[in-house]
Q: 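Mind looking over this structure? Questions follow.
When a ligand or atom number is given, it counts from 1 through the structure's own listing order. Just the heavy atoms: all of them, side chains too, but no hydrogens, waters or symmetry mates, feed the values below.
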Amino acid sequence: MMHKPPPSPEADDTAIARAWWKEAVVYQVYPRSFADSDGDGVGDLAGITAHLDHIADLGVDVIWLSPHYQSPFVDNGYDISDYRAVSPLFGTMKDFDTLLAQVKARGMKLIIDLVVNHTSDQHAWFADARKSRTAEKRDFYIWRDGTPDAPPNDWQSFFSTPAWTWDDATQAWYLHLFAREQPDLNWDNPAVREEVYDIMRFWLDKGVDGFRMDVIPFISKPADLPENDKALPWEQFYAEGPKLHEYLKEMRQEVLDHYDCMTVGEGNGLSVEQMGRMVDARRGELDTIFQFDVINFLWGREQPRTWTLPEFKRVLRDQSVSVRPHGWNTVFLSNHDTPRALNRYGDPDPAWRQASAKVLHTLILTQPGTPYIYQGDELGMSNYPFTALDQFDDIAVRQGWAKRQAAGETDPSAYLAELNIVSRDHTRTPMQWDDGPNAGFTQSGVTPWLPVHPDHATINAKAAWADPQSACHAIAKLTQLRRDTPSMVYGDYTDLAPDHPELLIYRRWLAKENEGALVALNFSRKTLTWELPKSIHIQGVAYRTDNRANVDGGKIKLGGWSGIVLAL
Ligand code: ISL
């Protein structure tokens, strides 16, 4: 007997349950770099509050705030020393409450960063743990006996050092997948998990709407801590440890299920299949995950590589369909750990910058999944032209250079050239609010913690809102279109030209509403045409990046770096 094949995931949109976080557009704020209200050169919470209208005017629904907690800032706040306190550098708990209230007053929601794979070494737990082998909090961290010359295994940190540091006082090694000032928590200790759940409740009870979970796939370590004998990239080796799913289920049952909140895990190291396991609603773990193929396919091992549009399309396709219908995707092209999206996927040349920024945002806001916009990308901000190593702040750079020096490198020019492409500090330079001193990020005469990009004379929020052709206005139109068009959120996804080297063309279709859209984006400087298949019936133009994007006589015509969305 012949069986009908199961519907392809691309075609199945019937089983997708509605949720506010699927319909939301998220904007990431990196507090150090957003706006400085008190003139110390570092952004703060009051600065964010003062600029909320900029975010709301884009049509954003949710703000993701990178860590705002008390921290010695060895890794810019991803090293937390008190999970219930606001960093004095960023303000007070009252400033946080005001920010939260003002976010809500604009009809938006706020999610915060939950960094619980590790703490700061300045956290009270670690201060206690390192006092003695029998300290109350000793087992909050991961210790191994040994001798100072032989770490327990070959594990490496993400910041160019071994993942083990010898503690002389207690004659033992402790594990840190990041800096030595970021000791990893021992999730196998139930008391650690209880503390984490309490911290989550503390912030949820305040009214935050969920969490972005830092390196969450790394929390569970294999008990025997085996060597990385397959020489996997470290993020893959550490991801999806033996009890990861058990702990995430527990976290959902203990905490998340009791609140109307959203979760997005940072999934560096997870394949699309692994992502599927973590976000399948039937399993009860996380709502969504940032799957990093869209970032990592651009790199060889640490080095940038040339890439092609068909490769990019394959990544987008795999991400979008792999988790359907029970899971949900995220759409992002940058964050505070990447260089600027414009430099990697767009065209930063001044003649093409605005056009390509609009094409990238059309992509982000019409792909299947919850879209994320990173601060400054809406202005067309680009990589900073660094000229010396001492201009960088990132610990990854400092430790990366130390490692190279230890290997005999003395001339920094090769490293500098590489960093000008890959550094995380490109997305951390101050937001450009206007063309005045310090781009309006901080007061005139103050030295900001990272240099302000010289192009702020033209690339700034004030100029962007004054120009109807800017990417900010484009985003405002696209977020509105997304709200008005159910297929943009829930529709299926079909890549209509997977092999085209310069055009990205896809269809979103929502069968139960009999409604859809065709999105056509030109990733080149050339004017290109594309013949519409006869089976596609156009209702009209829903959006175009500018008037160089047209449809006529069964053909789409796109000027260089332009795009169009057609209603079907
Ligand atoms: O940025 C990276 C390497 O330089 C990534 O490998 C990054 O470290 C990884 O994606 C984890 O990132 C998160 O955790 C880190 C923190 O430094 C990042 O800012 C954060 O996003 C440790 O908490």
Side-chain angles (χ1 to χ4, degrees), residues 28-33 64-69 71-81 83 111-123 126 155-161 163 175-185 196 211-219 232-240 264-270 274-275 289-304 330 332-340 344 372 374-375 392-404 415 418-419 421-428 450:
Q28 183 188 353
V29 171
Y30 192 68
R32 282 183 80 86
S33 308
W64 153 26
L65 181 65
S66 273
H68 61 285
Y69 312 91
S71 164
F73 288 98
V74 167
D75 186 20
N76 281 346
Y78 283 90
D79 47 324
I80 297 171
S81 53
Y83 290 92
I111 65 172
I112 57 174
D113 229 297
L114 185 73
V115 188
V116 287
N117 172 70
H118 45 266
T119 68
S120 160
D121 66 345
Q122 305 299 308
H123 195 287
F126 195 68
W155 291 17
Q156 295 297 307
S157 84
F158 287 91
F159 295 143
S160 309
T161 66
L175 180 70
H176 53 89
L177 300 187
F178 294 88
R180 66 172 54 87
E181 296 89 350
Q182 293 167 295
D184 277 46
L185 283 166
V196 169
F211 301 99
R212 176 269 188 187
M213 299 187 185
D214 194 62
V215 290
I216 199 74
F218 300 170
I219 56 174
L232 285 171
W234 289 101
E235 66 274 13
Q236 286 174 30
F237 181 74
Y238 296 138
E240 210 181 19
V264 54
E266 187 207 18
N268 204 353
L270 293 181
Q274 290 175 306
M275 158 163 92
I289 282 268
F290 295 119
Q291 202 274 333
F292 271 71
D293 283 356
V294 72
I295 304 290
N296 293 340
F297 91 99
L298 302 178
W299 315 102
R301 210 132 171 204
E302 292 174 2
Q303 296 280 346
T330 59
F332 68 106
L333 296 177
S334 58
N335 59 39
H336 63 288
D337 291 332
T338 67
R340 284 284 170 189
R344 297 187 306 162
Y372 285 75
Y374 181 73
Q375 70 179 40
F392 294 89
D393 166 88
D394 189 357
I395 182 173
V397 174
R398 272 178 281 128
Q399 296 198 172
W401 178 234
K403 185 176 179 183
R404 284 167 177 249
Y415 191 40
E418 188 184 312
L419 291 172
I421 303 172
V422 307
S423 172
R424 308 198 293 182
D425 280 343
H426 291 298
T427 42
R428 299 176 181 185
L450 269 183

Q: Once you round to the nearest 0.5 Å, how far does CG of D425 lie from CG of L450?
A: 5.0 Å
Q: What residue and heavy atom of the protein are closest to atom 4 (O) of ligand 1, and at what distance?
A: R424 CD, 3.7 Å
Q: Could you check atom 21 (O) of ligand 1 against the protein and tell me its nearest heavy-atom contact, residue, atom and distance included?
A: D337 OD2, 2.5 Å
Q: Please report the shortest heavy-atom distance between N268 and P217, naming the atom on each side.
A: O-CG, 4.5 Å
Q: Would Y78 and S66 count as a side chain to side chain donor-acceptor pair (under 3.5 Å) here? Give the steps.
A: CA-CA 8 Å; Y78 283 90; S66 273; 3.0 Å; yes
Q: Can R212 be said to sit on top of Y372's aromatic six-ring, NZ or CZ under 6.0 Å from centre and within 45° of the ring axis?
A: no
Q: Has the side chain of Q291 got a donor or acceptor atom that lies under 3.5 Å from a matching backbone atom of L270?
A: yes
Q: Considering only heavy atoms, does H336 approach ligand 1 within less than 4.0 Å through its side chain, its backbone, both, or neither?
A: side chain
Q: Which ligand 1 atoms are under 4.0 Å away from a heavy-atom of D75?
A: 15 (C), 16 (C), 17 (O), 22 (C), 23 (O)
Q: Using a 4.0 Å heavy-atom cut-off, say whether F159 meets ligand 1 through its side chain, its backbone, both or neither.
A: side chain
Q: Quick check on H118 - does any of its heavy atoms sit under 4.0 Å from an atom of ligand 1?
A: yes
Q: Would you confirm whether S334, through its side chain, and T338, through its main-chain N or O, come within 3.5 Å as a donor-acceptor pair?
A: no
Q: Any atoms of ligand 1 less than 4.0 Å from a non-hydrogen atom of N268? List them with their elements.
A: 5 (C), 6 (O), 9 (C), 10 (O)
Q: Applying a 4.0 Å heavy-atom criterion (strictly less than), which segment of H176 is in contact with ligand 1: side chain, backbone, both, or neither?
A: neither
Q: With heavy atoms only and a cut-off of under 4.0 Å, state how F178 meets ligand 1: side chain, backbone, both or neither.
A: side chain
Q: Need the ligand 1 atom indices (1-based, order shown) with element for anything under 4.0 Å from a heavy-atom of E266.
A: 9 (C), 10 (O), 11 (C), 12 (O), 13 (C), 21 (O)
Q: Write down the atom of V74, the atom of R398, and the distance for their closest heavy-atom approach.
A: O-NH2, 4.3 Å
Q: Keeping Q182 on the side-chain end and A179 on the backbone end, is there a donor-acceptor pair under 3.5 Å?
A: yes
Q: For atom 13 (C) of ligand 1, grab the closest protein heavy atom and report residue, atom and distance to one decimal in Å.
A: D214 OD1, 2.8 Å
